[in-house]
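For reference, the structure is listed below as structure tokens.
Note on naming: letters A, B, ... go to the chains in the order of the sequence lines (proteins, then strands), and numbering restarts at 1 for each one.
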Protein chains: 2
Amino acid sequence: MPTTPCDRSSVVDARAGEPAYRTRKKDIREANEALILAAAEKVFAMHGYQGTATGQIAVEAGLPKANLHYYFKTKAILYREVLQHILDDWMKAASTFDTCNEPREALRAYVTAKMEFSRQRPFGSRVWAREIMSGAPMLEDFLGTSLKTWVNARVRIIRRWVREGKIEPVDPHALLYMIWATTQHYADFEQQIIILNNGKALDDRGYRQRTRQVIRLVLGSVGLQS
Amino acid sequence: MPTTPCDRSSVVDARAGEPAYRTRKKDIREANEALILAAAEKVFAMHGYQGTATGQIAVEAGLPKANLHYYFKTKAILYREVLQHILDDWMKAASTFDTCNEPREALRAYVTAKMEFSRQRPFGSRVWAREIMSGAPMLEDFLGTSLKTWVNARVRIIRRWVREGKIEPVDPHALLYMIWATTQHYADFEQQIIILNNGKALDDRGYRQRTRQVIRLVLGSVGLQS
DNA sequence: ACGTATCTTGACCGTTGGGTCAAGATACCA
DNA sequence: TGGTATCTTGACCCAACGGTCAAGATACGT
């Protein structure tokens with residue numbers, strides 16, 4: 001990737017009364033931690049926790065391995081921080097379920113947010129998937145508490161929609177799992193999708209169309225297609 | 001696990017004219033290869049290719065590591081054989097798509113077969129998922145040839161259904177991906193599903209009900225719910 | 001300007017990994 | 001019954017791994 005002749009620190013970091021070219025300690029820490037977390041997410045997504053070498057992450061981040069271990073003592077700690085970041089964004093997407101009381105708009109918003117998440121954070125989605133396939137050793141707490149609470153509340157909402165005759169009488173869990181699975185599929189199985197799409201990744205336009213199709217299928221599944 | 005006082009070879013393998021208690025060489029090979037493949041599928045499903053140690057597989061199979069390497073020279077060869085087995089079963093499930101020309105029955109049969117696959121071969125499903133998340137280095141050939149051919153043919157069938165007004169005008173790829181994602185979710189994310197189900201795995205009855213729900217959602221998504 | 005805290009890194013350490021080997025055990029076949 | 005092919009296994013090898021360390025470099029506060 002091409003870089004501009006002047007680097008970040010001399011342009012972006014300029015502040016009044018400070019030399020613009022010298023990077024400040026706090027910024028160094030912040031930048032390096034972010035760099036390492038991004039690299040780690042990518043490599044963990046590719047090879048999983050056990051299959052990832054900290055040296056690989058260091059290479060991906062463009063740092064010596066010893067430097068990585070200066071910022072994150074152990075691989076386990078680094079992995080947990082990566083998971084935490086993903087979890088935060090996952091929950092942010094989840095909150096869109098409540099943008100509206102009407103099933104049509106709520107489902108549309110939620111599917112859109114989940115598709116957006118798959119588009120923006122494909123590596124995060126894969127780390128999440130791998131973690132659960134490994135028995136969710138690090139996520140057990142979250143799954144059993146926060147996620148469960150969230151799911152129970154949404155299940156009640158869906159049941160209400162059914163009771164009020166707003167949607168067909170579907171099993172709420174089955175519906176939620178279908179939405180999760182379908183939207184996450186676009187991140188987790190991206191490689192398969194690309195190959196079946198003649199080697200080309202979906203561009204922005206294609207992705208928007210696909211999002212619309214997923215919304216249509218989900219709405220149809222509960223009897224909401226006009 | 002408790003064992004019966006008399007072992008398999010003396011009971012099952014009894015054949016006329018041969019000493020029943022002595023295991024024959026061919027049977028040894030067959031049994032050990034099957035044992036190792038099953039163990040490997042399980043461990044690969046848990047930790048992925050890179051994250052799996054051949055020693056772990058050996059322990060899981062109850063054999064010394066050197067013995068495992070006697071039957072499968074390298075980890076890569078063993079992994080490829082595991083993948084091949086999964087692929088065969090995946091294709092077998094795929095063939096059920098063609099049991100009927102009518103969308104309702106075809107989709108019902110296909111979803112049922114895929115759900116059955118998730119139930120019977122959860123480890124296989126996870127190995128598959130991990131392989132694709134790693135960029136499908138070993139599956140690229142298959143994805144680009146056999147699978148692509150299969151998908152193209154099914155896409156044409158779905159388009160025909162749309163043209164004939166038998167189903168709503170949905171994107172065939174989006175529909176297929178939704179079916180794959182949703183059915184495989186029950187294998188790949190089993191742990192999450194268990195936790196959200198109060199720590200209990202779905203029993204046979206629950207699984208059949210869930211299968212019916214998935215069928216209902218899929219049929220609904222294309223406008224086929226009565 | 002100088003002492004201190006933070007950051008950087010090549011070299012290193014003990015452990016684990018994939019894979020080999022050679023010697024013994026077991027089944028096979030003539 | 002004896003020779004051969006297959007099977008079994010503890011011991012071993014070397015590369016790669018997670019993690020440490022100490023010494024130098026860089027920014028900070030006064």
| said: Between P on dG18(C) and OH on Tyr79(B), what's the gap in Å once rounded to a whole number? | reply: 14 Å
| task | Compare every heavy atom of Ile194(A) with every heavy atom of Ala201(A), then report the nearest pair and how far apart it is. | result | CA-CG1, 3.8 Å
| Criterion side chain to side chain contact (heavy atoms under 4.5 Å, CB included) on Val151(B) and His173(B), from CA distance to verdict | CA-CA 8 Å; Val151(B) 167; His173(B) 286 97; 4.0 Å; yes
| query | In terms of side-chain heavy atoms, does Gln56(A) have a donor or acceptor partner in Glu60(A) at a distance below 3.5 Å? | reply | no
| query | Would you call Lys26(A) and Glu30(A) a salt bridge, using N to O less than 4.0 angstrom? | reply | no
| said: Using a 4.0 Å heavy-atom cut-off to protein, can you give one letter per nucleotide of nucleotides 7-12 of chain C, 5' to 3': B if the base is in contact, S if only the sugar-phosphate is, - if neither? | reply: BBBB--
| message | Output the rounded distance in Å from NE2 (His69(A)) to P (dG19(D)). | response | 5 Å
| field | Residues touching DNA chain C, which here means a heavy atom under 4.0 Å, drawn from residues 42-61 of chain A | value | none
| field | Glu190(A) and Ser118(A), any side-chain heavy atoms less than 4.5 Å apart | value | no
| Using 4.0 Å as the upper bound for N to carboxylate O, is an ion pair formed by Glu41(B) and Arg126(B)? | no
| query | Cut-off 3.5 Å, side chains only: do Gln192(A) and Tyr177(B) have a donor facing an acceptor? | reply | no
Enumerate the protein-to-nucleotides 1-3 of chain D contacts in which both atoms are nitrogen or oxygen and the separation is below 3.5 Å.
none

| Parallel, tilted or perpendicular for Trp150(B) and Tyr110(B), by the 30°/60° rule? | tilted
| query | Relative to each other, are the rings of His185(A) and Phe189(A) parallel, tilted or perpendicular (30° and 60° limits)? | reply | parallel
| Check ion pair Asp171(A)-Arg212(B) (N to O, under 4.0 angstrom) | no
